[in-house]
Amino acid sequence: MSDQTELAEAMRSIVEAKNVFTDARSVGVFSRDAFYYSPVLREQLGDKLADVVVAPQTLEELQKVVRYAAQHHIPLTPRGAGTGNYGQCVPLQGGLVVTMHKMNRILGFDTATGVMRVEAGTRMGQLERLGREAGWELKCYPSTWATATIGGFIGGGFGGVGSIRHGVIWDDYLKSVTVMEMTPEARLYRLEGQDVAGFIHAYAQSGLIVELEVNLAPLVGWEEAVICLPDYGQALRLGHLLATDAGLDKRLIAMCEWPIPRFFSPLAQAGGVLEGNALMLLELGQGSTPQVAEQAAAFGGRLTYTAPAEQYHKGKFCLSDFSWNHTTLWALKDDPGWTYLQSRFDPDPEAAIRQCAVLRAFHGEKLALHHEYFLQSGTLGLAALDLIYYQTEAEVYAATAKREELGIHVADPHSFYLDSDPRWGGEAVLRAKARYNPHNLLNPGKLRAEPLLDNSRVW
């Protein structure tokens with residue numbers, strides 16, 4: 001591979017000099033994501049750095065970068081906003097990091113169908129705001145929605161806020177993707193239908209996503225509510241009741257066991273947290289809160305915070321700021337000794353309560369439970385981003401083994417390998433990789449095994 005000076009000069013011949021980075025600080029920032037949530041990944045990935053970082057602004061610049069890298073056999077790792085948690089955009093073998101954040105144009109919006117065509121580096125907050133102005137909204141988005149890019153979310157995400165209503169990113173989220181092959185020709189392909197699956201949650205193994213057509217959903221007026229409950233089991237029962245109520249519009253149903261609520265300082269200052277209580281974070285269709293508060297009372301729940309639909313996403317905070325993996329972030333701010341797992345519990349509340357009881361006995365005080373209801377392929381699921389107070393690899397994987405023993409599937413957030421995650425696309429990704437990344441130059445090192453894998457199980 002070319003040395004850093006030669007590579008940097010080659011990039012400066014393609015893009016403006018200000019968009020090529022070789023200084024230690026910039027290279028360090030652009031070579032990392034939020035893998036620091038994991039003590040295992042901090043150890044494994046902390047010293048992995050690009051040789052050069054480049055920020056193309058146009059499709060033509062990106063093509064020239066890809067052509068140069070392919071001709072000179074230089075590893076290329078694409079990056080969105082770096083909000084992922086598993087080292088998805090960490091360059092394991094140096095080379096180029098291509099940050100896509102300057103390729104952020106909205107290329108078209110059909111307000112009759114809700115299809116928005118965007119460049120991969122467009123922030124999801126921009127999509128949501130523009131969509132809502134025209135009567136549409138994102139089907140789902142991560143808790144990092146304000147800064148996360150759409151390409152990064154599709155390439156490394158799963159679901160998030162809205163998943164309880166519309167499913168996850170495999171569930172008709174995209175109309176099409178346009179990908180660039182990692183070859184000296186850098187040809188472009190627009191793909192639809194089943195061909196899209198090879199690029200979802202693929203860590204760019206299968207090709208470089210440059211544009212997407214995103215299917216938005218009709219706008220709903222969302223109001224926010226917090227319910228506090230003395231008993232976490234009752235929170236799960238109430239959550240299941242709301243999740244399965246076909247007549248209730250909902251965008252978020254999240255449950256957090258004490259002491260997690262005390263980490264949410266803005267919400268506590270707003271009076272939304274009761275000492276010693278679990279809490280439920282809800283985004284509900286306009287006018288639904290009184291009915292839900294009445295239902296919650298039967299489970300020992302108390303309404304402690306509300307925000308009307310006209311203030312949605314306009315205040316100092318929104319409830320999604322405390323949901324999904326932002327919950328882990330608040331815990332880490334309070335005490336960096338926390339880390340987390342990504343588990344799938346039994347969605348039946350009584351079965352989930354039994355699973356929780358076994359884990360409490362196993363972990364003692366080193367466990368704090370956090371669950372989110374979601375749909376995948378129309379089937380209700382109960383995700384847990386459960387907090388565990390461990391820092392060694394042995395402890396983390398003992399916790400994982402205990403969950404698997406209970407029939408709780410774990411998507412390992414302490415591994416940077418794509419095929420360690422049961423949610424990845426398996427054969428679809430590997431077929432696309434063979435076609436569009438034939439020399440394994442895109443983000444190399446993120447697969448344990450090259451043989452085709454059976455991935456028929458829904459996570």
Side-chain angles (χ1 to χ4, degrees), residues 35 37-42 44 85-87 157-160 163 168 201 231-233 235-237 239-240 243 253-260 278 323-329 331-332 337-376 379-424 426 448 453-459:
F35 65 75
Y37 283 33
S38 163
V40 179
L41 294 180
R42 286 199 301 268
Q44 294 176 349
N85 303 111
Y86 329 121
F158 170 67
S163 295
V168 295
H201 199 80
D231 180 73
Y232 191 68
L236 288 171
R237 293 185 179 103
H240 186 268
I253 302 176
M255 291 73 62
C256 298
E257 180 181 42
W258 189 265
I260 295 174
S323 70
W324 291 92
N325 222 11
H326 255 62
T327 303
T328 312
L329 178 60
L332 286 167
W338 289 106
T339 187
Y340 75 115
L341 293 175
Q342 294 184 145
S343 312
R344 183 164 180 166
F345 280 58
D346 194 311
D348 175 77
E350 302 310 318
I353 289 167
R354 290 192 294 271
Q355 290 172 327
C356 292
V358 175
L359 291 178
R360 285 197 191 95
F362 177 78
H363 289 290
E365 295 183 354
K366 293 186 174 183
L367 173 71
L369 291 163
H370 160 215
H371 289 88
E372 308 264 357
Y373 277 104
F374 70 99
L375 296 175
Q376 185 175 9
T379 299
L380 185 67
L382 180 59
L385 290 92
D386 33 341
L387 300 178
I388 53 176
Y389 200 83
Y390 298 122
Q391 290 297 296
T392 72
E393 186 171 359
E395 289 172 328
V396 165
Y397 284 110
T400 298
K402 187 63 179 179
R403 283 156 179 75
E404 296 287 358
E405 178 186 312
L406 294 171
I408 299 170
H409 298 300
V410 177
D412 185 2
H414 302 280
S415 172
F416 57 79
Y417 289 114
L418 173 62
D419 45 352
S420 291
D421 189 333
R423 300 169 297 183
W424 82 294
R448 289 185 186 273
L453 303 177
D454 177 14
N455 192 51
S456 58
R457 175 168 68 84
V458 173
W459 186 78

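Proximity of a side-chain donor or acceptor of Ser343 to a complementary backbone N or O of His409 within less than 3.5 Å is not detected. For the pair His414 (side chain) and Tyr340 (backbone), a donor-acceptor distance under 3.5 Å is present. When atom types are taken as modelled, the side chain of Thr400 and the backbone of Val396 share a donor-acceptor pair closer than 3.5 angstrom. A donor-acceptor contact shorter than 3.5 Å links the side chain of Ser163 to the backbone of Gly160.
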Item checked: Worked verdict on His240 versus Leu380 for side-chain contact (heavy atoms from CB on, under 4.5 Å) -> CA-CA 9 Å; His240 186 268; Leu380 185 67; 3.9 Å; yes
Item checked: Trace of the side-chain contact (heavy atoms from CB on, under 4.5 Å) decision for Gln342 with Asn85 -> CA-CA 11 Å; Gln342 294 184 145; Asn85 303 111; 5.6 Å; no
Item checked: Evaluation steps, side-chain contact (heavy atoms from CB on, under 4.5 Å), between His363 and Tyr390 -> CA-CA 10 Å; His363 289 290; Tyr390 298 122; 2.9 Å; yes
Checklist line | Intermediate values then yes/no, side-chain contact (heavy atoms from CB on, under 4.5 Å), Leu382 and Met255 | finding: CA-CA 10 Å; Leu382 180 59; Met255 291 73 62; 4.2 Å; yes
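When all heavy atoms of Leu236 and Ala352 are compared, the closest pair comes out as CD1-CB, 4.4 Å. Minimum interatomic distance between Ala278 and Tyr232 (heavy atoms only, all atoms of both residues): CB-CD1, 3.8 Å. Nearest heavy-atom pair, Ala411 versus Pro422, reported as atom, atom and distance to 0.1 Å: CA-CD, 3.7 Å. The shortest non-hydrogen separation linking Ile388 to Ala399 is CD1-CB, 4.1 Å. Residues Pro413 and Leu341 approach most closely at CG-CA, 3.9 Å, considering heavy atoms. The shortest heavy-atom contact between Phe374 and Ala383 is CE2-N, 3.5 Å.
Ring geometry for Trp338 against Tyr389 counts as perpendicular: the plane angle is over 60°, on a 0 to 90° scale with 30° as the lower cut. Using cut-offs of 30° and 60° on the angle between ring planes, the pair Phe345 and His371 is perpendicular.
Here CD of Gln376 is found 8.0 Å from OG1 of Thr379. Values are rounded to the nearest 0.5 Å. The SG atom of Cys356 lies 8.5 Å from the CG atom of Asp386; values are rounded to the nearest 0.5 Å. Note that CZ of Arg360 is 5.0 Å distant from CG of Leu369, once rounded to the nearest 0.5 Å. Atom CD1 of residue Ile408 and atom CG of residue Leu359 lie 4.5 Å apart, to the nearest 0.5 angstrom. Here the CZ atom belonging to Phe362 is positioned 8.5 Å from the CD atom belonging to Glu405, to the nearest 0.5 angstrom.
Side-chain contact check for Tyr86 versus Leu418: every heavy-atom pair is 4.5 Å or farther apart. By the 4.5 Å heavy-atom criterion applied to side chains, Arg354 and Leu406 are not counted as neighbours.
Glu372 pairs by the side-chain hydrogen bond (donor to acceptor under 3.5 Å, both in side chains) definition with Trp324, His370, not counting sequence neighbours.
With 3.5 Å as the limit, one finds a donor-acceptor pair spanning the side chains of Asp412 and Tyr397.
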